[in-house]
Amino acid sequence: QVQLVESGGGLVQAGGSLRLSCAASGRTFSMGTMAWFRQAPGKERQFVSAIGRNGGSTLYTDSVKGRFTISRDNAKNTAYLRMNTLKPEDTAVYYCAARRSILLDTASSYDYWGQGTQVTVSS
């Protein structure tokens, strides 16, 4: 089993920045891709970004390209999501997820999930 714990969420004004962290523990050797999803009230969970095992491959949803940057530090078993130029529509609970294999953008493909961290962007 792999346990994921997110941190770094909070309230920020539009145009501001936040950095989310996702700390993994347990059988971390079984992790390949790490990803971030988000879910706004009344909406389905949405893919945000993913990063491959060695950090060389990344994937972003169109709405965050150029504003968000995903990274990982395998020595610390931690993934990050740097979010710049935040907009009110970025408001959601952000979830970290992990799977054993290649990058995918579908939530059902991920084996492990964190509990989520709230990001609220005020206008």
Could you state the interatomic distance from NZ (K65) to OG (S49), rounded to the nearest 0.5 Å?
10.0 Å

I'd like to know if the side chain of N54 and the backbone of G56 have a donor-acceptor N/O pair within less than 3.5 Å.
no

Mark yes or no for whether T33, through its side chain, and S101, through its backbone, hold a donor-acceptor pair below 3.5 Å.
yes

Does V119 belong to the same Ile/Leu/Val/Met/Phe/Trp/Tyr cluster as L81, with side-chain heavy atoms less than 4.5 Å apart forming each link?
yes

Think R38 forms a cation-pi with Y95, using NZ or CZ under 6.0 Å from the six-ring centre and within 45 degrees of its axis?
no

Do you know the tightest heavy-atom contact between L104 and S109?
CD1-OG, 3.6 Å

Closest heavy-atom pair, A14 versus S123, reported as atoms and distance to 0.1 Å, is CB-CA, 4.4 Å

D90/K87 salt bridge by N-O under 4.0 Å criterion
no

Shortest non-hydrogen pair, L103 vs S57, comes out as CD2-O, 3.9 Å

Quick one: do V64 and L86 end up in the same hydrophobic cluster if we chain Ile, Leu, Val, Met, Phe, Trp and Tyr together by side-chain heavy atoms under 4.5 Å apart?
yes

CD-CD distance between Q118 and Q39, expressed to the nearest 0.5 angstrom:
11.0 Å

So, the side chain of Y60 versus the backbone of I70: is there a donor-acceptor pair under 3.5 Å, distance only?
yes

Answer with yes or no whether the hydrophobic clustering places W113 together with F47; edges join I, L, V, M, F, W, Y residues whose side-chain heavy atoms lie under 4.5 Å apart.
yes

Report yes if some heavy atom in the side chain of Y112 is under 4.5 Å from a heavy atom in the side chain of C96; otherwise report no.
no

Do you reckon Y80 sits in the same ILVMFWY cluster as M34, going by side-chain contacts under 4.5 Å, direct or chained?
no

Hydrophobic cluster membership, M83 vs L59, 4.5 Å side-chain cutoff:
no

Distance alone, cut at 3.5 Å: any donor-acceptor contact between the side chains of N84 and S17?
yes

To the nearest 0.5 Å, atom CZ of R72 lies from atom OG of S21 at 14.0 Å

Can you measure from CG (L20) to OG (S7) and round to the nearest 0.5 angstrom?
8.0 Å

Please confirm whether the backbone N or O of D111 pairs with a side-chain atom of R99, one donor and one acceptor, at under 3.5 Å?
no

Taking the side chain from T91 and the backbone from T120, do they hold a donor-acceptor pair closer than 3.5 Å?
no

Does any N or O in the side chain of E6 come within less than 3.5 Å of the main-chain N or O of Q115, such that one atom is a donor and the other an acceptor?
yes

Taking the inter-plane angle between the rings of F37 and Y110 on a 0 to 90° scale, is it parallel (under 30°), tilted (30 to 60°) or perpendicular (over 60°)?
perpendicular

